[in-house]
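Reviewing the structure listed below.
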Amino acid sequence: MSRINLDMDVLRTLVTAQQLGSFNRAAGQIGRSQSAVSQQIRKLEEQVGEPLFQKQGRGLVLTEAGDVVLAYARRILELNDEVVAAVHGRAIEGVVRFGLPADFAETWLPTALGRFKRAHPAVRIEAIVDRNRLLLERLDKGELDLVLALGSDRRADAEQLATLPLVWIGPASAGPVWAPGEPIPLAMYEPPCFFRQGALTTLDRAGLPWRIAFSSPSLHGLWAAVEAGLGVTLRTAVGLPAGVRIVGDTVDLPPAPETALGLCLHDGGRPLEPALTRLRSVIVETLAENLPGVTASAMAAPDHLTARPFMPE
């Protein structure tokens, strides 16, 4: 049986359309007309022998086959781009000192850093995981070059990439965490912490009694306490481990604060060297792939795309 070679340009069009949310936006991004993009998608459907989209309401959604092709397209393009970056990346040298909060350190960003290291073997990476406030202090002291942080969008050097809503989080088990009439047990970071302050302010305004059942300096300890049923906590839904889940309507808690946290990259107001510029691109690309709703401000950099649910126009 003859082998079918999928067109790399068509795969990139598919991924771009999904990331940007429509064929029309994808056409503008890759410099083609919308009809040309549609023809590319039809060509890909002919090659795989399955429809990739189906109508849903006034728009289109991926079929089961479309989901499969999209997943493989991302992997194929990632390998392609990694090969190109590895060849060109040998000319990039230096040291990059990157700080990130624990919310992201235990999920997909370590993979992104590994990808960056393979593409740029001459660059030495020094990654620091700490609380947002401490990371920014180290950045201001010149001890870090680039920091990913939550809730710091008012800084002059903030490049906001996404906004993340706050949610109440409890154990994945269905059992109650506290009995009716008892103070609500909370598992929290040690102060100062904006998650902690947000939770206490919300409960106080609702007139609900609370108690700090568990206080931890680390996110790993916090998740372990919540999973064990020692209390509930207020955070974003990024990087939730399997033993916890979003609660709220299922327990007697007031709505989480409506103010979403900005997820920002910070460079301390200093110009980025080539190695840092490339690391920034890899970080933003990774966020776009894993966080729906990455804001348009991230598009200012040339090497990445934003990610949105696919709703063709």
Residue pair V95, D145: steps toward the side-chain contact (heavy atoms from CB on, under 4.5 Å) verdict = CA-CA 9 Å; V95 178; D145 303 308; 5.5 Å; no
Distance from L265 atom CG to D157 atom CG, nearest 0.5 Å?
-> 10.0 Å
Between A242 and A172, what is the shortest heavy-atom contact and its length?
-> O-CB, 3.8 Å
Run the numbers on L62 and F53 for side-chain contact (heavy atoms from CB on, under 4.5 Å), then give the verdict.
-> CA-CA 4 Å; L62 287 166; F53 295 94; 3.4 Å; yes
Closest contact, heavy atoms only, R270 versus L139 = NH2-O, 2.9 Å
Begin with the C-alpha distance, continue with both residues' side-chain angles, and end with the deciding distance and a verdict on side-chain contact (heavy atoms from CB on, under 4.5 Å) for I212 and L200.
-> CA-CA 10 Å; I212 301 296; L200 302 188; 4.3 Å; yes
Return yes when atom CD of E45 has more than 12 non-hydrogen atoms of other residues, nucleotides or ligands closer than 6.0 Å, and no otherwise.
-> yes
hydrophobic_cluster_shared for M8 and V15, side chain cutoff 4.5 Å = yes
Do F104 and I125 belong together in a cluster built from hydrophobic side chains that touch within less than 4.5 Å?
-> yes
Counting only N and O atoms by type, is there a donor-acceptor contact under 3.5 Å from the side chain of R97 to the main-chain atoms of G142?
-> yes
What pair of heavy atoms forms the shortest contact from L135 to L144, and how long is it?
-> O-CD1, 3.7 Å
Under 4.0 Å between a Lys/Arg side-chain N and an Asp/Glu carboxylate O for E285 and R278?
-> yes
Do the side chain of R131 and the main chain of P192 share a donor and acceptor less than 3.5 angstrom apart?
-> yes
Shared hydrophobic cluster, L136 / L272 (ILVMFWY, side-chain heavy atoms < 4.5 Å) = no
Does CD in E182 sit with more than 12 non-hydrogen atoms of other residues, nucleotides or ligands closer than 6.0 Å?
-> yes
Just wondering, do T259 and L166 contact through their side chains at under 4.5 Å, heavy atoms?
-> no
Side chains of L240 and W223: closer than 4.5 Å at any heavy-atom pair?
-> yes
Pair R133 + E137, salt bridge at N-O below 4.0 Å = yes
A213 and P185 have their tightest heavy-atom pair at CB-CB, 3.8 Å
Could you grab the distance from atom CD of E159 to atom CG of L148, nearest 0.5 Å is fine?
-> 10.5 Å
Donor-acceptor pair, side chain of T63 and main chain of P51, under 3.5 angstrom | yes
What distance separates F194 CZ from L261 CG, expressed to the nearest 0.5 Å?
-> 5.0 Å
Value for CG (L14) from CG (D9), rounded to nearest 0.5 Å, stands at 13.0 Å
Check the pair E143, E126 against side-chain contact (heavy atoms from CB on, under 4.5 Å), reporting the backbone distance first and the verdict last.
-> CA-CA 11 Å; E143 298 173 359; E126 297 178 2; over 6 Å; no
Rounded distance (nearest 0.5 Å) linking atom CD1 of I76 with atom CZ of R12 = 11.0 Å
Roughly how far, to the nearest 0.5 Å, is the CZ atom of F195 from the CG atom of D103?
-> 5.5 Å
Judged by modelled atom types alone, do R115 and T286 share a side-chain donor-acceptor pair under 3.5 Å?
-> yes
Side chain to side chain, S152 and H266, heavy atoms closer than 4.5 Å | yes
Any link between V247 and L230 through a network of hydrophobic side chains (Ile, Leu, Val, Met, Phe, Trp, Tyr) touching at under 4.5 Å?
-> no
Compare every heavy atom of V129 with every heavy atom of P101, then report the nearest pair and how far apart it is.
-> C-CG1, 4.1 Å
Please check if the side chain of D153 supplies one atom and the backbone of Q160 the other of a donor-acceptor pair under 3.5 Å.
-> no
Shortest non-hydrogen contact from T233 to L222?
-> OG1-CD2, 4.0 Å
Are V238 and L263 connected in the hydrophobic side-chain network, where two residues link if heavy atoms are under 4.5 Å apart?
-> yes
Among K43, Q40, Q47, the one residue meeting side chain to side chain donor-acceptor pair (under 3.5 Å) with D7 | K43
Is there a side-chain contact between T202 and L253 (heavy atoms, below 4.5 Å)?
-> no
Compute both the distance and the angle, then confirm whether R235 meets the cation-pi test with Y189: under 6.0 Å from the six-membered ring centre, within 45 degrees of the axis.
-> yes
So, does W210 use its side chain to make a donor-acceptor pair with the main chain of D204 at under 3.5 Å?
-> no
Can you find a pair of side-chain heavy atoms, one from D252 and one from I184, that are under 4.5 Å apart?
-> no
Taking side chain as C-beta onward, heavy atoms only, is L6 less than 4.5 Å from V48?
-> yes
Does the side chain of F116 reach to within under 4.5 Å of the side chain of V123, using non-hydrogen atoms?
-> yes
pair H120-V96: side-chain heavy atoms closer than 4.5 Å | no
